[in-house]
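Because only heavy atoms are used, hydrogens play no part in the values below, and waters and symmetry mates are left out as well, while side chains stay in.
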Amino acid sequence: MTFVRYHVRHETLYRYDQVVGESHHLLRLTPRPMPWQRNLEHHLAIDPDPSVRRSFLDSFGNRITAIHFTEEHEYLEIISEFWVELRARPKPAGEALKVTWEAVRDALRYRADRPFTPEFLEAAAFRFVSPNVPIDSQYAAYASAAFRPDRPLVEAADELMRMIHRDFSFDPTATETSTPVEQAFKARRGVCQDFSQIMIACLRSLGLSARYISGYILTHPPAGKERLVGADATHAWVALFVPGFGWLELDPTNAVRPDLEHITLGWGRDFSDVTPLRGVLLGGGEHEPEIAVTVVPEAEFGSLYTEGDTFLEELSS
C-alpha cells in the first residue's frame, strides 16, 4: 500500500509587553491517530518550562496538552515537531454513493420512538448551531443549487465544495479568526477557516451533520523556487457524515477531497473547538504571536534545514 511521510514543525512565539505573572494554556498540536494516519514521533518543546504539564483527550477525542505557569515570564515559545505517515483515505462506494441527501437529513432528525444507533448519535452532535457556525435560511438557499431534490448526498456535497471554491476569493486580509461566518459569507472573501465554516453552515442549515477539521496541508512552491522554511500555515477543511461510510472529508479552499497531502490534528464543531493554542494570562499587555509552520516531505527533509534550527530564532536575531 502506498504511503507518504512528512515532517511538520509548528513554532509559536509570544513576546509579552508586560511580565506575565501566571497563565494557563491548552495546546492542540498532537496529530490525531486514524486508520490512514500514523503518528511516528512527536516532540513538544516549551520554553520556559511550565510549572504543571499534563495531557488528556477532549470530548471529541483530540489530544490536549495543558500547561500552567506560576512563575513570572516575559515570553513563551512552543515548538511542536512530529513525523507522520499517511496512507490513502477510504472512498465511499456502493449504497453510500446512492443515498439521497433528504434521506440522510430525515434519518438525523430526532423522533421520540426511534433510538439512534451509536453512529448516528455521534453524528447528531455535529448537526446543530455551534459557537462559530450559525444555522440560517441564507446558507440553505445558497446550497440549494447543489442539493437538488433526490440528489445523492456525496454528489451534492462535492458540488457545494466546488461552488464555494468558485464563488469565494482567498484573501488573508479580509478576515480574522474572530470574523463571524455571516460577514465572510456576504463578502465572498476569506481564508480556509472561513470557507470551511461557511460550508458547515450550509450543510447544517440543510439538516445534515458536518464537522470542522484542523491540520496542515502540503504546499508546493512555484516552479523553479525552493521550499521556504516557516512559510506554511495551519489548514482547515470539512467532514460530512455519510451513513454506511462514515465521514467524507472535503476541502472547499482547494476543491479537493483530502488524501495524501492533508495532515489531521483534530476536529470539532468549528474552529473554537480545535484552536491550536488557547490561554488565559495574568498580565502580558498587548501581544500577538509569531507563528511559523513548515511541512516537508520525507525526501526533502535533509536538504531543507538542519534539525534543531528554528525559523523563529531567525526572527529574533
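By the 6.0 Å contact criterion, CZ on R166 is enclosed, its count of non-hydrogen atoms from other residues, nucleotides or ligands being greater than 12. Annotation for E74: atom CD does not count as buried by contact number, only 12 or fewer foreign heavy atoms lying within 6.0 Å. More than 12 heavy atoms of other shown residues, nucleotides or ligands fall within 6.0 angstrom of atom CD in E85.
Closest heavy-atom contact between S55 and R63: OG-CD, 2.8 Å. Considering every non-hydrogen atom in both R151 and A146, the closest pair reads NH1-O, 2.8 Å. For the pair G207 and L108, the tightest heavy-atom approach, listed with the atom from each and the gap, is O-CD1, 3.8 Å. Of all non-hydrogen atoms in A96 and V154, the two that sit nearest each other are O-CG2, 3.7 Å. The nearest pair of heavy atoms linking L160 to C202 is CD2-CB, 3.9 Å. Across every non-hydrogen atom of A145 and M163, the tightest pair is CB-CE, 4.0 Å.
Note that CD of E261 is 9.5 Å distant from CG of L86, once rounded to the nearest 0.5 Å. With rounding to the nearest 0.5 Å, the separation of CH2 in W83 from NE2 in H42 is 14.0 Å. Atom NZ of residue K186 and atom CD1 of residue I198 lie 12.0 Å apart, to the nearest 0.5 angstrom. Distance check, rounded to the nearest 0.5 Å: CD1 of I46 to CD1 of I67 gives 4.0 Å. The structure places OG1 of T253 at 10.5 Å from CE of M161, a figure rounded to the nearest 0.5 Å. Here the CZ-CG distance, from F69 to D49, works out to 8.0 Å after rounding to the nearest 0.5 Å.
In this structure, the side chain of R38 does not engage the main chain of R87 through any donor-acceptor pair within 3.5 Å. The closest donor-acceptor contact from the side chain of S272 to the backbone of P131 lies at 3.5 Å or more, if one exists at all. In this structure, the side chain of D259 does not engage the main chain of A88 through any donor-acceptor pair within 3.5 Å. Side-chain N or O atoms of D232 include one that pairs as donor or acceptor with a backbone N or O of V295 at under 3.5 Å.
For the ring pair (Phe, Tyr, Trp, His ring centres under 6.0 Å) criterion with W247, the lone passing option out of W267, W36, F126 is F126.
Taking the side chain as every heavy atom from C-beta outward, F120 and P243 approach each other to under 4.5 Å. Under the 4.5 Å side-chain criterion, counting only non-hydrogen atoms from C-beta, I217 is in contact with D251. Between F241 and L153, every side-chain heavy-atom pair lies at or beyond the 4.5 Å cut-off. Between L97 and P92, some side-chain heavy-atom pair lies under the 4.5 Å cut-off. Using a 4.5 Å cut-off on side-chain heavy atoms (C-beta onward), H25 and L281 make contact. For the pair V84/Q37, a side-chain contact is recorded, criterion being any heavy-atom separation below 4.5 Å from C-beta on. At least one side-chain heavy atom of R188 sits less than 4.5 Å from a side-chain heavy atom of F185. The shortest distance between side-chain heavy atoms of P297 and V4 does not fall below 4.5 Å.
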Stepwise side-chain contact (heavy atoms from CB on, under 4.5 Å) test for N62 and L265: CA-CA 8 Å; N62 304 311; L265 278 177; over 6 Å; no

Chi angles and distances behind the side-chain contact (heavy atoms from CB on, under 4.5 Å) call for H235, N254: CA-CA 11 Å; H235 192 52; N254 297 290; 3.5 Å; yes

side-chain contact (heavy atoms from CB on, under 4.5 Å) assessment of I79 paired with R9: CA-CA 7 Å; I79 301 177; R9 176 183 286 165; 4.2 Å; yes

side-chain contact (heavy atoms from CB on, under 4.5 Å) evaluation trace for H262 with I213: CA-CA 10 Å; H262 287 67; I213 300 183; over 6 Å; no

Stepwise side-chain hydrogen bond (donor to acceptor under 3.5 Å, both in side chains) check, S169 with D171: CA-CA 6 Å; S169 299; D171 182 356; over 6 Å; no

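At a threshold of 4.5 Å between side-chain heavy atoms, the hydrophobic network of Ile, Leu, Val, Met, Phe, Trp and Tyr places I263 and F271 in two separate groups. Each of V238 and I135 belongs to its own hydrophobic cluster when Ile, Leu, Val, Met, Phe, Trp and Tyr are linked at side-chain heavy-atom distances under 4.5 angstrom. M34 and Y6 are assigned to two separate hydrophobic clusters, defined by single-linkage of ILVMFWY side chains at heavy-atom distances under 4.5 Å. Linking Ile, Leu, Val, Met, Phe, Trp and Tyr residues whenever their side-chain heavy atoms come within less than 4.5 Å leaves F60 and V129 in two separate clusters. No path of Ile, Leu, Val, Met, Phe, Trp and Tyr side chains, each step under 4.5 Å between heavy atoms, connects I200 with V256, placing them in separate hydrophobic clusters.
A parallel orientation is assigned to the rings of Y16 and Y14, their planes being inclined by less than 30° (bins at 30° and 60°). Using a 30° and 60° split on the angle between ring planes, H68 and H24 fall in the parallel class, below 30°. Using the six-membered ring where Trp is involved, F147 and W101 have ring planes that are perpendicular, over 60° apart on the 30 and 60° scheme.
Side chains of E71 and H73: a donor-acceptor N/O pair is absent below 3.5 angstrom, by distance only.
A side chain to side chain donor-acceptor pair (under 3.5 Å) check over residues 198-217, counting only residues at least two apart or in different chains, returns the pairs H10-Y216, S130-R204.
A salt bridge is defined here as a Lys NZ or Arg NE, NH1 or NH2 lying under 4.0 Å from an Asp or Glu carboxylate O, and R257 with D158 meets this definition. Between R105 and E102 there is no salt bridge, since no side-chain nitrogen of the basic residue lies less than 4.0 Å from a carboxylate oxygen of the acidic one.
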